[in-house]
Amino acid sequence: MSSSNVPFFDSVPVIAQLKSLVQVIFKDVKGARLTQENFSRTCIVVSQVRSMVELAAGDKLAARQTQLTFLRVGLRNGNAFINGVPVVGHIKGGIHYALDDKNGGHEAMKASSRTVGVIAGALGGALIGGPAVAAAGGVGGGLAVDTLSTAIESAVNRRYSPSGTLALGTELVRNHSDAGAVFDAAGGFALTVALDGVGGALVGQGARLVATNNVPSAAAVSMSALDHVGIALRVGSGVGSSTLAHFNQRDGRIRWRLAELNLLCRNGCGWYGTLKRNGLCGKCWRLKKIGSKQTHMSQLKFEKFQQKRRRISERRFRTVKDALGLESDDDQCHLRIIKHTHRRRYTEKFEVFLTDLSPSLATEISKQTEETIDMLFELQHYPTETLSEKVQKLFLDVSDIIKNYSENDSECSASEVDVVDRVEQYVCVLTYPILFCASEAEEKEETENLEWIDSIKWVKKEFVTKQETPEFINYIEQAGQELMNLNAVRSAADKLACIVRCFIHLTAASTENRGSCSADDLFPTTVYAVLNANPPCLQANLDFVVKFGQPYQVSNGDSGYAYTTLDAAFTFLRNLEPSILEISQKEWDEQMSKGAEVVSEHIQ
């Protein structure tokens, strides 16, 4: 999760555990695990222990990430406190505006103005009555500023834009089905009101001390009051949902938040998961499949399996014939033509690579690879999940072969990664016609995806925060070209390389348009690029990479982050609906009808 998205309560001992308990009670196990993951990275003591354990285990990268997350959350809380100091926060906001950071300026100005409202309300209450009235005045002053900010921003943005406690209340209503979000919003609302009240009472007490010329005590009480208001501001800035795309209006735009830990495997192994695998990484997904496969097959009647096999066979084979321009009705004839045409073209390059290995090692790897390729063509009528299992098993077998040779032969210098990479490329290229988008159902889905993206291109404006400069447009077009290039390459590794290059351009585009390339900013930029390019067969390419690529490539590092973010952005677009954009069904229908006209023009 991006550190800016870690909810305040996730860093607080006992409260974080209570929140996880509530999430488990409401069957949000993933959310509970995420809360504890946040706690272990941001709690002042636990995060340091975790970092030392990771360092002792030799995982320097994980230790560094833990420290960075802890520091960033600390800086966020400190920034919220400084924003809430009257005069100081206003000056800080002016600096943000001077640097063209409107969002930072708005946050500082609103926070410092809110503190002024709490103090003014408390002073007014102190003039009327005792500490209780001053406390009520502090709560009322804070609420009055929140209401005024909401009214102004809503008028400017032409849509409801809540601020402060009103934003927390709105969050509570909007995310009522998310136990974690409800806990954060309800707890944040209650704590903010309570701290406003305590701060107001202290301000009232300080005012009375000033009236009696007890200035030192008044100063101490005032600092205590400022601390309480500052905590309230940190709570408000830290409470937030960790959902994939979170709605928050600012400058008339939607601010989308992508929680980085939401991209991680839900089993907590530390690798990136994918939506295709229900949030699991490749390793955890395979373990789950192995555990359930025997039970599933025992329940599947043989006759029903055979019928399904024949239906899939007919759909797949017609598509392969069309792609390769084959006309004969002899299935075995087609199979031989497909297999041998590609094998003659690409075998030579693979054989040259094998000559760099020892003869016995090369022979064993070649044997395993060729047997798998033959098996894939024989099983081409089976679902792609079955074919994927065969390919992934080959990767594991080749890795085991390399390890065994390295252990028994000290002179073996073969790189496991390099060999498996070459095997993956060879297998993917030779079997591409039967692995990639080979059924009519898949082709139909891709056509529907293209039409859908065309029909919702009108939402593009919601995913940029500034004017689209020529530099931004150039970066977006280059990113779109890399997405188009996905269809020009055949191996999973080459497709993933296109995605990584795409994200290099998207990072530059996000920095140009949003001033940052954090997960919060990169996600909407990715959505914008997909809308702008609408590359054909994007879903098929994403599926191909995750099914026939090597697990470590799509589950770890820059390539894993790029793939998972692109997959999340595309899935988000496919599930887009009026409630996400917070517009009426009528407005949605009007815009969609215009989009349908655009699609019709393209088809004609």
Side-chain angles (χ1 to χ4, degrees), residues 5 157-161 170-171 174-178 181 240-259 262-263 274-276 278-279 444-465 468 476 479-480 483 502 506 509-510 513-514 519-543 563-603:
N5 282 345
N157 299 337
R158 297 183 179 180
R159 62 177 72 182
Y160 179 57
S161 305
T170 302
E171 182 100 0
R174 190 174 285 155
N175 297 295
H176 63 276
S177 60
D178 185 336
S241 170
S242 60
T243 51
L244 177 66
H246 175 76
F247 190 88
N248 184 19
Q249 297 89 351
R250 188 170 294 164
D251 294 338
R253 300 292 187 188
I254 297 175
R255 182 171 175 80
W256 305 97
R257 298 201 312 210
L258 180 62
N262 278 358
L263 303 178
T274 65
L275 299 176
K276 308 292 183 309
N278 296 322
K444 181 180 178 181
E445 183 180 13
E446 290 302 327
T447 300
E448 292 174 349
N449 287 338
L450 282 173
E451 294 177 354
W452 172 253
I453 298 298
D454 269 339
S455 69
I456 61 173
K457 282 193 172 184
W458 53 272
V459 305
K460 280 201 306 181
K461 65 180 184 299
E462 302 291 357
F463 296 92
V464 290
T465 58
E468 300 172 30
I476 290 295
L483 294 179
C502 168
L506 289 179
S510 178
N513 187 255
R514 294 173 170 268
D520 286 353
D521 298 306
L522 192 55
F523 177 73
T525 305
T526 304
V527 173
Y528 183 94
V530 172
L531 283 168
N532 188 70
N534 193 13
C537 299
L538 181 55
Q539 180 68 69
N541 279 297
L542 291 170
D543 287 345
Y563 174 88
T564 308
T565 304
L566 178 60
D567 182 50
F570 185 66
T571 302
F572 167 77
L573 285 174
R574 291 179 63 193
N575 298 322
L576 194 63
E577 57 185 22
S579 60
I580 294 177
L581 298 176
E582 287 210 342
I583 61 176
S584 66
Q585 186 66 46
K586 180 181 179 181
E587 184 178 354
W588 170 270
D589 292 339
E590 290 175 353
Q591 295 290 351
M592 290 301 293
S593 63
K594 296 177 182 178
E597 294 175 1
V598 173
V599 174
S600 178
E601 292 175 0
H602 286 182
I603 295 176

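- If you take CD on Glu446 and NZ on Lys444, they are separated by 13.5 Å, rounding to the nearest 0.5 Å.
- Within the 3.5 Å criterion, the main-chain N or O of Tyr563 finds no donor-acceptor partner in the side chain of Asp567.
- Legend: residues meeting salt bridge (charged side-chain N to carboxylate O under 4.0 Å, His left out) with Glu445, ordered by chain and number and at least two apart, are Arg574.
- Annotation for Trp588 and Pro578: closest pair CG-CG, 3.4 Å, computed over non-hydrogen atoms.
- Ala529 is linked by a side-chain contact (heavy atoms from CB on, under 4.5 Å) to Ile476, Leu506, counting only residues two or more places apart in sequence or in another chain.
- Take Lys586 and apply the side-chain contact (heavy atoms from CB on, under 4.5 Å) test, not counting sequence neighbours, and it matches Ser584, Glu590.
- The heavy-atom pair separating Gln539 from Asn449 by the smallest distance is CB-ND2, 3.6 Å.
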Leu538 vs Val530, side-chain contact (heavy atoms from CB on, under 4.5 Å): CA-CA, chis, key distance, verdict: CA-CA 9 Å; Leu538 181 55; Val530 172; 4.1 Å; yes

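- In this structure, Cys502 and Ala479 approach most closely via the heavy-atom pair SG-O, 3.6 Å.
- Here the closest non-hydrogen pair linking Leu450 and Pro535 is CD2-O, 3.9 Å.
- Between Gly480 and Ala533, the shortest heavy-atom contact is CA-CB, 3.7 Å.
- Thr526 pairs in a side-chain contact (heavy atoms from CB on, under 4.5 Å) with only one of the listed residues (Leu531, Leu573, Thr565), which is Thr565.
- Atom CG of Leu542 sits about 7.5 Å away from atom OG1 of Thr571, to the nearest 0.5 Å.
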Using side-chain contact (heavy atoms from CB on, under 4.5 Å), reason through Tyr528 and Asn513 one step at a time and then give a plain yes or no. CA-CA 12 Å; Tyr528 183 94; Asn513 187 255; over 6 Å; no

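- The structure places CD of Glu577 at 9.0 Å from CD of Gln585, a figure rounded to the nearest 0.5 Å.
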